[in-house]
Amino acid sequence: MGKKEPSLMDKLVSLSKRRGFIFQSSEIYGGINSCYDYGPLGVELKNNIKMLWWKSMVYERSDIEGIDASILMHPRVWEASGHVEGFTDPLVDCKVCKMRFRADQIDTEKGCPNCGGELTEPRMFNLMFKTFMGPVEDEAHVVYLRPETAQGIYVNFHNVRESTRKKLPFGIAQIGKAFRNEITPGNFIFRTREFEQMEMQYFVKPGTDEEWFEYWKEQRFQWYERLGIRRENLRFHQHGEDELAHYAKAAFDIEYQFPFGWSEIEGIHNRTDFDLSRHQQYSGKDLRYYDQESGEKYVPYVVETSTGVDRLLLTTLVDAYTEEPERVVLKFKPYLAPIKAAIFPLVKRDGMPEIAHKIEEDLRKHFKVFYDESGSVGRRYRRQDEVGTPYCITVDSQTLEDGTVTIRDRDTMQQERISKDKIYEFLKDRVTI
Ligand code: GAP
């Protein structure tokens, strides 16, 4: 029998480790389930994804401000938000092989999907991680690791509004870690227990929420073009009544066609006045907005856009991965690429390394670049293709004569000659977000 061809996911996991995108957490101890560490290239890609989102939400718009709230919050927040009571999944255990499943993801009538054994009755399992604040481990000192970043935004609604003098409609954006004790994490970094969210809550006048919901659905779908994701791999999925989260009146997911099937990468939710009303009730603070135009006071409605950084990183890896006869290429948008340019001396003599190092030093002030003088130029190109570096600059014998270098484009593999003094200008517009 021939050797089985590895799946696309296997190839991505292997490339991610080999080239320093993603490692298993605590690997030297055998790893810990569903926890991952981002390596030198992974952290660059992650930061670039976050910056692209932040730029489009906060810098390019005058109606959205950013915050960075703390992960640990007052425990009453999670009572008000409904997470203590409602953020649960039904859990079943196999009595034979002891494996655990989410009852809503399997056909429980058929028994255990692994061994066919009898399953326990479903019991509701809260997904929030619990810990204690301070040295005393009792109920009075319980705090939770936030399961979504959104609540840090709601409790700061008035702080942001007052300090920035914003009027409705306006939004608050945040990027930060969230934690969920998922019953079935998996598919590499797709579903993990610790992950990073990019969430934006847009506060609007009640009655205008449906219009804004449509607006944000479109805006967010279009944004994926900037992330470089192929249109045919994206679609909307509307939540049915039985899928809606406890806070939502309407919800659409943006789904991506992963090798393991269409799956959610972003949620757009009409959260109505649910969260602010509940915080008003639980905190006893007036969270209404005074509308100067109409003279009314009301609790704003909220349209939320919520996506996961890790999930988008996996999406960009899957979508960019291209196998060509002679090479593997990650065809990231140049501004997402971890390394923007690689600099090679054609040979290790005749002063070429010195010129190449000088170019490297100059570019390093602006971008993440990489110097490489080992192996043939062809092999050096292949190594950069595999990590998605959009441009490779080679110093050759002509450089010694006229000061020009070749710049090779990752996707077309075409080379052009430009003056070494013009490299920064060439790269600037192409590789910055
Ligand atoms: N505040 C709303 C909210 O959290 P969600 O649909 O539960 O909504 C939003 O999550 C996004 O967060 C998802 O579309 C996904 O990108 C990311 N996400 C949620 N759970 C995740 C997990 N366990 N691992 C990785 N990303 C996750």
Side-chain angles (χ1 to χ4, degrees), residues 22 25 33-36 38 46 49-50 53 69 71 73 77-78 80-83 86-89 102 104-105 125-129 144-155 171-202 213 216-217 220-221 223-224 227 229 234-239 243-256 258 260 262-272 274-276 278-279 302-318:
I22 303 164
S25 166
N33 190 17
S34 120
C35 295
Y36 293 93
Y38 290 89
K46 205 175 184 212
I49 292 171
K50 289 194 273 186
W53 186 89
I71 289 173
M73 301 179 71
V77 167
W78 306 108
S81 70
H83 284 83
F87 195 54
T88 49
D89 278 339
R102 264 174 64 175
D104 56 339
Q105 287 181 341
F125 172 75
N126 194 293
L127 300 184
M128 283 197 294
F129 277 97
Y144 301 95
L145 301 188
R146 65 182 177 196
E148 61 169 8
T149 61
Q151 299 303 325
I153 293 180
Y154 300 135
V155 299
I172 304 177
Q174 173 167 224
I175 301 176
K177 289 268 184 172
F179 302 82
R180 296 183 190 177
N181 205 355
E182 299 279 3
I183 296 168
T184 50
N187 286 324
F188 197 25
I189 53 168
F190 178 81
R191 179 171 290 108
T192 51
R193 296 191 171 113
E194 171 180 345
F195 54 98
E196 210 165 350
Q197 286 190 314
M198 303 193 285
E199 299 201 299
M200 193 281 298
Q201 315 295 319
Y202 203 72
F213 183 69
W216 277 108
K217 249 177 69 188
R220 292 305 304 153
F221 201 88
W223 182 79
Y224 284 89
L227 197 68
I229 306 304
L234 293 167
R235 71 176 187 194
F236 275 124
H237 163 75
Q238 180 171 14
H239 281 213
E243 285 173 275
L244 284 176
H246 61 271
Y247 48 70
K249 159 177 157 187
F252 274 78
D253 291 340
I254 297 174
E255 293 186 335
Y256 179 75
F258 285 99
F260 45 84
W262 286 96
S263 309
E264 172 192 343
I265 53 173
E266 169 150 358
I268 298 112
H269 311 124
N270 183 340
R271 291 181 75 135
T272 68
F274 176 84
D275 298 273
L276 285 184
R278 294 271 292 198
H279 285 305
V302 172
V303 174
E304 168 183 70
T305 77
S306 172
T307 186
V309 182
D310 315 77
R311 234 174 239 193
L312 292 196
L313 193 143
L314 181 61
T315 308
T316 54
L317 277 179
V318 170

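Counting starts at 1 for both ligands and their atoms, in listed order.
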Review point. Is there a nitrogen or oxygen of Gly308 sitting under 3.5 Å from a nitrogen or oxygen of ligand 1?
Key: yes
Review point. Looking only at N/O atoms, are His269 and ligand 1 under 3.5 Å apart anywhere?
Key: no
Closest protein heavy atom to [atom], given as residue, atom name and distance to 0.1 Å:
atom: atom 14 (O) of ligand 1; value: Glu264 OE2, 2.6 Å
atom: atom 18 (N) of ligand 1; value: Phe195 CE1, 3.6 Å
atom: atom 4 (O) of ligand 1; value: Arg180 NH2, 2.8 Å
atom: atom 15 (C) of ligand 1; value: Arg311 NH1, 3.4 Å
atom: atom 9 (C) of ligand 1; value: Ser306 OG, 3.0 Å

Residue-level breakdown please: for [X] versus ligand 1, do any non-hydrogen atoms fall below 4.0 Å on the side chain, on the backbone, on both, or on neither?
X: Leu312; value: neither
X: Glu304; value: side chain
X: Tyr247; value: side chain
X: Gln151; value: neither

Atoms of ligand 1 less than 4.0 Å from [X] heavy atoms?
X: Glu266; answer: 14 (O)
X: Glu182; answer: 20 (N), 22 (C), 23 (N)
X: Arg191; answer: 23 (N), 24 (N)
X: Phe190; answer: 24 (N), 25 (C), 26 (N)
X: Glu199; answer: 1 (N), 2 (C), 3 (C), 4 (O)
X: Ile265; answer: 14 (O), 16 (O)

Are the aromatic ring centres of [X] and [Y] under 6.0 angstrom apart?
X: Phe221; Y: Phe236; result: yes
X: Tyr247; Y: His269; result: yes
X: Trp262; Y: Tyr256; result: no

Review point. Under 6.0 Å from the six-membered ring centre of Trp223 and within 45° of its axis: does the NZ or CZ of Arg220 meet both?
Key: yes
Exercise for review: Find out whether the Lys NZ or Arg CZ of Arg146 is both under 6.0 angstrom from the six-membered ring centre of Phe179 and within 45° of the ring's axis.
Suggested key: no
Exercise for review: Please determine, by modelled atom types, if Glu255 and Ser263 share a side-chain donor-acceptor pair under 3.5 angstrom.
Suggested key: no
Point to revise | Tyr154 side chain to Arg271 side chain, donor-acceptor N/O pair below 3.5 angstrom | key: yes
Review point. What class does the angle between the rings of His246 and Phe274 fall in, given that below 30° is parallel, 30 to 60° is tilted and above 60° is perpendicular?
Key: perpendicular
Review point. Counting N and O atoms only, with roles assigned by atom type, does the side chain of Asn126 sit under 3.5 Å from a partner on the main chain of His83, one being a donor and the other an acceptor?
Key: yes
**Study point:** Close approach, Thr307 and ligand 1, non-hydrogen under 4.0 angstrom
**Key:** yes
Practice item. State which residue, out of Gln174, Gln151, Glu266, Glu304, fulfils the side-chain contact (heavy atoms from CB on, under 4.5 Å) condition with Glu199. Key: Glu304
Point to revise | Shortest heavy-atom approach to atom 23 (N) of ligand 1 - which of Asn181, Thr192, Leu314, Ile153 | key: Thr192
**Study point:** Option with minimal heavy-atom separation from atom 10 (O) of ligand 1, where the choices are Arg271, Gln197, Glu148
**Key:** Gln197
Study note, to complete from the structure: Given the options Glu196, Glu148, Glu194, Lys177 meets salt bridge (Lys or Arg N to Asp or Glu O under 4.0 Å) only with Glu194
**Study point:** Phe129/Tyr144 under ring pair (Phe, Tyr, Trp, His ring centres under 6.0 Å): CA gap, chis, key distance, verdict
**Key:** CA-CA 6 Å; Phe129 277 97; Tyr144 301 95; over 10 Å; no
